[in-house]
Amino acid sequence: MNKSELISAIADKSGLSKVDAKKALDATLETISGEVKAGGKVVLVGFGTFSVSERSARKGINPRTKKSINIPAKKTAKFKAGSELSNL
C-alpha cells in the first residue's frame, strides 16, 4: 500500500474527504518525525513505538578494497511493533 492508497483507506473508514484525510496523515507523520528528530519517543499502545537508536562507532571492511575503515557513530530512527501488531 502506498501513501495515496493509505489516504483513500483512511477517508473511507473515517468518513473524511480525501483532502482532509491527507491533511490528517501529513500532520501525524510530521508530528511523529518531529518528536523522533528531537530525540523523543512516540508510543502508540497496541501499534508500536517510534524512537531514536544510537549506533556506536565501529570498524568495517570496504568490500571492494578489503581495507579496514572507520564507520562513525550515528543516530537512526527505530520502530518496535506493539503487541497487537506482532501477533499477526
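Source: prediction; values computed, not measured.
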Let me check something: any side-chain donor-acceptor pairs from residues 15-24 under 3.5 Å, sequence neighbours excluded? List them with distances.
from: Ser17; atom 1: OG; to: Asp20; atom 2: N; distance (Å): 3.1
from: Ser17; atom 1: OG; to: Asp20; atom 2: OD2; distance (Å): 3.4
from: Lys18; atom 1: NZ; to: Ser8; atom 2: OG; distance (Å): 3.3
from: Lys22; atom 1: NZ; to: Asp26; atom 2: OD2; distance (Å): 2.7

| said: Restricting to ring pair (Phe, Tyr, Trp, His ring centres under 6.0 Å), what partner residues turn up for Phe79, sequence neighbours left out? | reply: Phe47, Phe50
| task | Please check if atom CD1 in Ile61 has more than 12 non-hydrogen atoms from other residues, nucleotides or ligands closer than 6.0 Å. | result | no
| When clusters are formed from ILVMFWY side-chain contacts under 4.5 Å, directly or step by step, what else is grouped with Leu25? | Met1, Leu6, Ile7, Ile10, Leu29
| query | How close do Val36 and Val52 get, heavy atom to heavy atom, and via which atoms? | reply | O-CG2, 2.9 Å
| query | Listed by chain and number, what are the side chain to side chain contact (heavy atoms under 4.5 Å, CB included) partners of Thr65, not counting sequence neighbours? | reply | Asn62, Lys67
| Listed by chain and number, what are the side-chain hydrogen bond (donor to acceptor under 3.5 Å, both in side chains) partners of Ser4, not counting sequence neighbours? | Asn2
| said: Would you say CD of Glu30 has more than 12 non-hydrogen atoms from neighbouring residues, nucleotides or ligands within 6.0 angstrom? | reply: no
| Pairs where residues 75-84 contributes a residue and the test side chain to side chain donor-acceptor pair (under 3.5 Å) is met, not counting sequence neighbours | none
| field | Any pair counted as ring pair (Phe, Tyr, Trp, His ring centres under 6.0 Å), so long as it reaches residues 12-32, sequence neighbours left out | value | none
| field | Those residues that, when tested against Lys59, pass side chain to side chain contact (heavy atoms under 4.5 Å, CB included) (two or more places apart) | value | Ser68, Asn70
| remark: salt bridge (charged side-chain N to carboxylate O under 4.0 Å, His left out) pairs touching residues 35-44, sequence neighbours excluded, are none
| Contacts of type side-chain hydrogen bond (donor to acceptor under 3.5 Å, both in side chains), residue Lys13, not counting sequence neighbours | none
